[in-house]
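Keep in mind that the numbers below use all heavy atoms, side chains included, and drop hydrogens, waters and symmetry copies. Just so you know, these numbers come straight off a predicted model, no measurement behind them.
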Amino acid sequence: GRAGLDLAILPIGDNYTMGPADALDALDLLKPKVAVPMHFNTWPPIAQDAAAFAREAGARGHAVTVLTPGASLTV
């Protein structure tokens, strides 16, 4: 089976944290079973397209779940 991380929660805001490109590279290194983007879209300087991030991650073979405020994920 696959060893390693069950979950990676990665910032994609790209202003005070890493952005989508760096988060994709981190996914390539970490290889979690699932990833959740965080620290984005709470104010204009960190606006990002989380769906585009999830699509690009999927193209690289990574599973990404984008959560909306108040949503939960059981891992």
I'd like to check the side chain to side chain contact (heavy atoms under 4.5 Å, CB included) partners of Ala59; sequence neighbours left out, ordered by chain and number. none
Quick check: closest heavy atoms across Ala63 and Lys33, and the distance to 0.1 Å? CB-O, 3.5 Å
Is there a path of hydrophobic side-chain contacts, each under 4.5 Å between heavy atoms of I/L/V/M/F/W/Y residues, joining Val66 to Leu73? no
Can Ile12 be reached from Ile46 by stepping across I, L, V, M, F, W or Y side chains whose heavy atoms are under 4.5 Å apart? no
Separation between CG of Leu7 and OG1 of Thr74, rounded to the nearest 0.5 Å: 11.0 Å
Could you pull out the closest heavy-atom pair between Ala8 and Leu5, with the gap in Å? CB-CD1, 4.5 Å
Ala35 to Leu27 - nearest heavy-atom pair and separation: CB-CD2, 3.4 Å
Connected via hydrophobic side-chain network under 4.5 Å: Leu67 and Val64: no
To the closest 0.5 Å, what do you measure between CG (Leu30) and NE2 (His62)? 9.0 Å
Using the salt bridge (charged side-chain N to carboxylate O under 4.0 Å, His left out) rule, collect all pairs that involve residues 13-30, keeping only residues at least two apart or in two chains. Asp25-Arg60, Asp28-Arg60
If we only count heavy atoms from C-beta on, is the Phe40 to Asn15 side-chain gap below 4.5 Å? no
Side chain to side chain, Met18 and Leu10, heavy atoms closer than 4.5 Å: yes
Would you say the side-chain atoms of Asn41 pair up with the backbone N or O of Gln48, donor to acceptor, closer than 3.5 Å? yes
